[in-house]
Structure formats: C-alpha cells, structure tokens
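For reference, the structure discussed in these notes is given below.
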Amino acid sequence: MRFFPGSRRRPIAAGGIALALTGGLVAPAIPATARTTPSAGAQTALPSGRTAYRTLGDYESELARLARRYPGKVRRITLPHRTLEGRTVRGIEIGHRVHARDGRPVFLMLGLHHSREWPSGELTMEFGYDLLNNDGRDRRITRLLDTTRVILVPVVNPDGFNQSRLGGVMENKRKNCRIVDGEPAPPPLCAQPENVRLGVDINRNYGFGWGGTGSSADKTASDYHGAAPFSEPEVRNVRDLVSGRQVTTLITNHTYGGTMLRPYFTKNSGDAPDEAAYKALSDRFETQNGYTGMKSGDDYETTGETNDWSYYATRGLGFTFEFGRETYHPAFETLAAEYHGSGQYAGKGNRGAFLLALENAADRRAHSVIAGRAPAGATLKISKKFTLWTSPWSKADGGTGAPLPVPTALSSTMVVGAGGRFSWDVNPSVRPQSPFTATGQSPVTGLVREAWTLTCTPRHDHGHGKNFKITVDRGQTAKVDLGRCR
Ligand SMILES: [Zn+2]
C-alpha cells in the first residue's frame, strides 16, 4: 500500500519495534493431530502448532524432520551457492511421488529475502505443514499434491536472518552479509552493530533492469543493489532454482503493507503482456486475503526485484506478498489469524490465496504443455538462452554505467515413463519482450516468438540426444512424436 512504510521502502528507525521474544519455548514442530477443514474463521492455531517465531536452527531442523517424516512426499533441496558466511541454503519439495522425475509444474514460495521480515519465512513453512497435514484428508489439497510440486525456501537469506534474530540493533537488519564488495565477509563483520545497515539488498540484485530506479549504489542505503547483477550468492540460488525448473507460479513473501505486487516495477516498462491474466489472478487473491493487488511501480518504482526478473525470464506469474499492516514482525499470535483469516483478520486469510496460487500453477490454461510419445526411460531436456539487460546503472562514484548484458539460460529435464507417453507442464517458449535493452528502457507490451530446444536422449545413450524445436504459447499444448530419439 502506497502510504505504508513497508519493507520495500527505506527502513523506519532501528529499534522502533520492541517485542518480547521468549525463545527456547518451542512448540512441537509436528502436531499430533491435523486440522482438516479449510473453512475460514474456525482456525486459531498455525498448522505446525508453533507458538513462537522460529530461529534459523528451527527452520533447518524442521526441514530435515519433514523430509524424514514424509520420505515419499518431501524431498530436501540444497541450493547450489553457499552464503557469504558459509551457510547452506535449503528448501523442501513437496508432492506425491516426489522423487519421480516427471513433468509436473512447480509452485515456488520464497521467504526471508529481507532479514527482519520474519512472518515471510513463517507463513512459507506453515503452508508446507498445512499441505502435509491435509494430504489425504482434503480432496483439493490431495489433488494438488498429485498434479504439482511445491517448492518452499523459507529462508533465502540465512546470514541476515540469523543476525536479525539475535535481537538488539541487529533485529532491524534487512540485507545480507556483504560487508566488503567482492570478498566474503568473515562472520564477525556482519555481527558488528555498526554494520547493521551494510550488506546488499538482495531484492535489488536480480539481473533484470538491475541498478536503475529505486536502487542505490550507496552501500549504506537500504536498497543497495550490489556490485553487479546476481553478484550475491543468495540471489544466484533463486536464479538457478527458477532457471532449472518449470516454475509456473511463484510467490515471494515479505512484510509489510497488505499488498500484492506484480509487474511493472517501473512505470516506464509498460504493462506486462500477461497483465490481464496477472490482474485476474491478483483479484482472486484479494477475495481471500483482502490485500491490495497492484503493479509494483504504482506503489513505488524499483529495479532488480525477484518477480520482475522471474516473469520476464520465464513468463511464470510471480507475485510479491507483503504480509501484515503494522510492523515487520508483529506479535506471533497474529500470524495464525493472518494465515487462516480469523480473529482480527476474520474472513481475510492468506491460506486461501496460497491455494489459489497453487491451483494456478497446476492450471494448463495458464501455462503450456508439451506432450506425446518418446522412448520409455528417455531423458527429455528443454532449454533456451537469451540476453536480458540491466538499466543504465548508478555507480558508487556517482556516474552512470551503460546497460550490462545478463546472459540468461533456462534448462530443465524430465524422464519419460514406462508407457512411452509423456506430458510435460512447461512455461511458454514465447517470452515477454523486455523493456530493458542495450540502449536503455522503453515501454513495450509484446512477446518474443522463441522456441524451446527439446533434446531427447534415449536411456543408456549418454550425450547422443536429438534436438527438436518447439514453439508453444500460453494455454497451448504442443503434441510431438519423438520417435526413437535418433
Ligand atoms: Zn521485504
């Protein structure tokens, strides 16, 4: 919302939020009984049963525990880049037959880009518990876990979050632990209170329009964009995750403001070519959570954010959710109300919006399908490469750099089942035209008619795949017969 000093804005004064954190008193991570009915208003507890904000250690142990408890439907994911303090970033993938290499579409939810926005990680985790608690009990959820994969990365920025959870002045930390550009920061540097304002705003570091409006070359500014697009390992993790899967719908969680943000992120970008579909889905979310859906640039303009990049790279619809109305991390009890739509949020919960987003990820009218015949056991790969561009970017010395090319490569695989028929839910090969180019930025609302390169490699025939070009637009199914892949 325009008038809230929410997370995407410059920070309000440090120390403005004082919360009693009792710590240590941790509820059982996995409840003995599941709550089943999706009706709003009746729920007073979170799906996990937790009663206090998680620490970084809580997140890590719960992700591992869920994978152990549900070995057939929860798989732990390790993201490829370690953080600056050397941490491993983890997530989980949830779905029936989760270890199969089939062609189901992916719904991705991200939390805690910004360190102090604690509910953004909490509600990401809780959605996972909710799905698992209700699988086999609630037909809607059971069907969704049959037809999609849900990937949750609750803590994208563990270094910053760990500092924020330590409390004191560090509680107001927003950014990652990039204290010295180009070098890893030894752990003590990030923990020093005088460095609370340093670090890169990792939600300004994505390689789409990077470095322009609404970001800063000033390292002490809350929106410091970093030394280069994708300079930060936490952001490369999300880039690689999205580039290596068919993420058809994405939500990146933040606090606060009660808004849901979609492209454009700068007014001079023009409407997204899929604005009608974007708005229609946002309007449906609004009926659930009561938030205000808007084009992000109409709130205020920024560059280098998660779902501006992800949409223009993949055409999967991505949204920024800004939970809450008042502070970065309100009293923990309000989270259950905000999740279920009970108490002070009666009738307005995020649970319903999350489920609609997951249904959109599954909806074949909203993405594309490649289907047909291929040898049983063959590995199919779709890939493409193209170039996105940064903005003319602000330099630390006050100058302006020419737009930088951002080489972009998408590639994902599936394995054909025993019957020799396959069906692969994919993002369209036809891509949104980028408003950012080598010569600057101009508004466009159009599509680039590009093809996926589909490589079919028979089992036991490594490296001898045959290539096919597949052009498929939103809502279309491309039917192919790949013969013997030779
Ligand atoms: Zn934020």
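Atoms within a ligand are numbered from 1 in the order they appear, just like the ligands themselves.
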* Asked: Out of Thr306, Val235, Thr303, Thr302, which residue meets the side-chain contact (heavy atoms from CB on, under 4.5 Å) rule with Arg204?
  ->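 Exactly one option meets the side-chain contact (heavy atoms from CB on, under 4.5 Å) with Arg204, and it is Thr302.
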* To do: Side-chain contact test, heavy atoms from C-beta onward, threshold under 4.5 Å: evaluate it for Met170 versus Val196 and give yes or no.
  =>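 Touching, per the 4.5 Å side-chain cut-off.
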* Just give me the atom name: the N, O or S atom of His254 closest to the Zn ion (ligand 1). =>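 Going through the N, O and S atoms of His254 one by one, ND1 ends up nearest to the Zn ion (ligand 1).
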* Heteroatom of His114 nearest to the Zn ion (ligand 1) (N, O or S, atom name) ->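 For His114, the N/O/S atom sitting closest to the Zn ion (ligand 1) is ND1.
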* Asked: Checking side chain to side chain donor-acceptor pair (under 3.5 Å) against Glu171, which of Gln163, His329, Arg116, Arg165 comes through?
  ->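 Testing Glu171 for a side chain to side chain donor-acceptor pair (under 3.5 Å) against Gln163, His329, Arg116, Arg165 leaves exactly one candidate, His329.
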* Asked: Knowing that exactly one of Tyr312, Phe208, Trp309 qualifies, which makes a ring pair (Phe, Tyr, Trp, His ring centres under 6.0 Å) with Phe436?
  ->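 Testing Phe436 for a ring pair (Phe, Tyr, Trp, His ring centres under 6.0 Å) against Tyr312, Phe208, Trp309 leaves exactly one candidate, Phe208.
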* For the Zn ion (ligand 1), decide whether Glu322 has an N, O or S atom at a distance under 2.8 Å. =>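 Within the cut-off used here (under 2.8 Å), Glu322 places no N, O or S atom near the Zn ion (ligand 1).
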